[in-house]
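As a basis for the values below, the full set of heavy atoms in this structure was taken, side chains included, without hydrogen atoms, waters or symmetry mates.
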Amino acid sequence: YGFKGERIQEVANLMRVAHREYPGDHEIQKLSVYSWRNENVLRLDNRQLQKKMCHISSGRVGYQYLHPRRRKEMTEIPREILIKLLAEEERLVFSEEYLTRCDDLILAGDPNGYIVAAQEVQTQVARRFGFTGDQLKDVVHAMRTAQVQYPDDEEIQKLSVYVRENKAHMGNLRVGDKVPDLLLTDLDLQETNLRDLVSSSAWT
């Protein structure tokens, strides 16, 4: 479209945030998508993204973990190799290079830059272990779904920071349950109870 120099970055940033700049524009909302490739391409607009909490790079879609693909030609990853892959990924995601990459992507206008960075690291690790071509997709998927493939393997469950530190879960509250009496801290560091913020008639 003829843009040059610094204008290229400005236009690229505008394209990334168009759905937020024009929240009431239905045409733009339908045109703007986030795309990540797993075994299929998932296309979600910003509202769907927030609803589904789609974090493919960390092995989750919503609160549920991704499940391994099952196809005959899929590359098999032995447990001992998978452990080495996860250990190397763990080392890299705490590196200064990785953290800087995440910051750079986010500052460039991509609020989900850490997802791009995580995918890059996972692919990089797979290549370091000699996997190429179509194998890369299978190896990365195996790394993301290791906790599902080995649900009772304590070593694998603790190897990945995405699994080890992810506290998100579906919870056990249901419609009609009483509001739990939680202790909250506001921005002024003052503590209050959740039930104090709502009337007793709204506790369920």
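- For the atom pair Asp103 CG and Tyr98 OH, the distance stands at 10.5 Å (nearest 0.5 Å).
- Not a single donor-acceptor pair under 3.5 Å links the side chain of Thr145 to the backbone N or O of Val148.
- Between Gly113 and Leu105, the closest heavy-atom pair is O-CD1, 3.2 Å.
- Between Lys158 and Glu154 there is a salt bridge, since a side-chain N of the basic residue sits under 4.0 Å from a carboxylate O of the acidic one.
- Under the 4.5 Å side-chain heavy-atom criterion for Ile, Leu, Val, Met, Phe, Trp and Tyr, Leu107 and Ile115 are members of distinct hydrophobic clusters.
- Listed for the Asn193 side chain is no donor-acceptor partner under 3.5 Å among the backbone atoms of Arg195.
- When all heavy atoms are compared, the tightest approach of Gln157 to Tyr150 is NE2-O, 2.9 Å.
- Looking at Asp186, its side chain does come within 3.5 Å of a backbone N or O of Asp188 through a donor-acceptor pair.
- Taking both residues in full, the closest heavy atoms of Arg101 and Ala117 are given as CG-CB, 3.9 Å, listed atom of the first, atom of the second, then distance.
- Phe129 and Leu136 fall within a single hydrophobic cluster, where Ile, Leu, Val, Met, Phe, Trp and Tyr are joined by side-chain heavy atoms under 4.5 Å apart, directly or via other members.
- Within the 3.5 Å criterion, the main-chain N or O of Arg174 finds a donor-acceptor partner in the side chain of Asp177.
- Distance check: Asp196 CG to Leu183 CG gives 10.0 Å after rounding to the nearest 0.5 Å.
- Inter-residue side-chain proximity for Glu89 and Leu159 is flagged as unmet; no heavy-atom pair is nearer than 4.5 Å.
- Heavy atoms only, all atoms of each residue included: Ala126 and Leu85 are closest at CA-CD2, 4.3 Å.
- When each of Gln122, Arg128, Glu120, Glu97 is checked for a side-chain contact (heavy atoms from CB on, under 4.5 Å) with Leu92, only Arg128 meets the rule.
- Ion pairing between a basic and an acidic side chain is recognised when a charged N comes within 4.0 Å of a carboxylate O; Arg164 and Glu90 show such pairing.
- Residues Thr185 and Leu189 share a closest heavy-atom pair of CG2-CA, 3.6 Å.
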Apply side-chain contact (heavy atoms from CB on, under 4.5 Å) to the pair Ile156 and Arg79, showing each step before the final yes or no.
CA-CA 9 Å; Ile156 286 181; Arg79 178 185 177 278; 4.2 Å; yes

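- Residues Leu99 and Cys102 have side chains not in contact (no heavy-atom distance under 4.5 Å, counting atoms from C-beta outward).
- Residues Val140 and Ile81 fall into different hydrophobic clusters, defined by Ile, Leu, Val, Met, Phe, Trp and Tyr side chains chained together at heavy-atom separations under 4.5 Å.
- Atom OG1 of Thr123 sits about 7.0 Å away from atom CD of Gln119, to the nearest 0.5 Å.
- In plain terms, the two heavy atoms of Leu194 and Pro180 that are nearest each other are CD2-O, 3.5 Å.
- Both Tyr1 and Val11 sit in one connected hydrophobic cluster of ILVMFWY residues. Membership requires side-chain heavy atoms under 4.5 Å apart, directly or through other members.
- A side-chain contact (heavy atoms from CB on, under 4.5 Å) with Met143 holds for exactly one of Val121, Val125, Ile77; it is Val125.
- Taken to the nearest 0.5 Å, the CD atom of Glu76 stands 11.5 Å off from the CG atom of Leu82.
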